[in-house]
Amino acid sequence: SSRPRRRVNPGFQRQLKLYEAMGCAVDTSSVLYKRFRLEMLSERFSESQELPQEVFAVDPTTVCQTVNTEVLYRCRKCRRALFRSSSILSHTEGMGPTAFAHKRVTDSARLSGNGQEKCTSYFIEPVQWMEPALLGVMEGQLLCPKCTSKLGSFSWSGDQCSCGRWVTPAFQIHKSRVDEVRTLPVGNFQTAKT
């Protein structure tokens, strides 16, 4: 009351809202937490030569394959495992083609989008195999670590999704470049007795 112009730091307010949205517990596997962590990192380490290892999701090829309900995403060309569904950072859908007004999208382009999926890419957290491509640069291409085919792109300053939403930072993998691999439940199969 002695200083009426004093206010709570907006960054701290944002952290409190995040904490409340996660059920008043720090859940490091939460999409909200992962996105917040990446946004903070992009502000502090804009052209970093070294990134903290906890930022990177585990490379699926280094983890033993167990029965899991998670979807695995592989390179469509060489079938190398790239990331798991837990690495996908969802975002709220944008306004669609109207968000691209600055690019002069024509009425015919707006009409042709009916019935099609709005988001044509996955925005994911960085995975360990991406580390060499991310160091020292603000944006670039994401290439398959095995066959070097183009999978997508990244930008620490953000990129626009096909749905119109701006995502910051953006680690974008095109859906047309990867295949979903789902595991079948093991309980339905009987083992043969010998």
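Since the structure is predicted, the reported quantities are computational estimates derived from the model, not experimental observations.
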Tightest non-hydrogen contact, residues Pro145 and Trp129, listed as CD-CE3, 3.7 Å
Partner set under ring pair (Phe, Tyr, Trp, His ring centres under 6.0 Å) for Tyr73, not counting sequence neighbours:
Phe83, Tyr122
Do Thr92 and Cys163 make a side-chain contact, defined as non-hydrogen atoms from C-beta onward lying under 4.5 Å apart?
no
What closest approach, in Å, do Cys78 and Cys75 show between heavy atoms, and which atom pair accounts for it?
N-SG, 3.6 Å
Partner residues of Arg79 under the side-chain contact (heavy atoms from CB on, under 4.5 Å) criterion, sequence neighbours left out:
Arg74, Asp179, Val181
Looking only at heavy atoms, which two atoms of Pro60 and Val127 are closest? And how far apart?
CD-CG1, 4.2 Å
Euclidean distance, Gln141 CD relative to Gln172 CD, rounded to 0.5 Å
12.0 Å
For the atom pair SG (Cys119) and CD (Glu93), what is the distance rounded to the nearest 0.5 Å?
5.5 Å
Is any side-chain heavy atom of Trp156 less than 4.5 Å from a side-chain heavy atom of Phe171?
yes
Identify whether Phe154 and Val167 are in the same connected component of the hydrophobic contact network (ILVMFWY, side-chain heavy atoms under 4.5 Å).
no
Look up atom OG in Ser176 and atom CG in Leu151, then write down how far apart they are to the nearest 0.5 Å.
10.0 Å
Do Leu89 and Trp166 sit in the same hydrophobic cluster, where Ile, Leu, Val, Met, Phe, Trp and Tyr count as joined when their side-chain heavy atoms come under 4.5 Å apart?
no
Hey, what do you get for CD1 (Ile88) to OG (Ser121), rounding to the nearest 0.5 Å?
11.5 Å
Can you find a pair of side-chain heavy atoms, one from Arg76 and one from Val178, that are under 4.5 Å apart?
no
Considering only heavy atoms from C-beta outward, does the side chain of Arg177 approach that of Leu82 to under 4.5 Å?
no
Among residues at least two apart in sequence or on other chains, which ones pass ring pair (Phe, Tyr, Trp, His ring centres under 6.0 Å) with His174?
none
Any side-chain to backbone donor/acceptor pair from Ser162 onto Lys118? Under 3.5 Å, distance only.
yes
Say you draw a straight line from NE2 of His91 to CZ of Phe123; how long is it, rounded to the nearest 0.5 Å?
5.5 Å
Looking only at heavy atoms, the pair that brings Glu139 and Ser157 closest together is OE1-OG, 4.5 Å
Distance (rounded to the nearest 0.5 Å) between Ser86 OG and Ile124 CD1:
10.0 Å
Do Arg80 and Cys147 make a side-chain contact, defined as non-hydrogen atoms from C-beta onward lying under 4.5 Å apart?
no
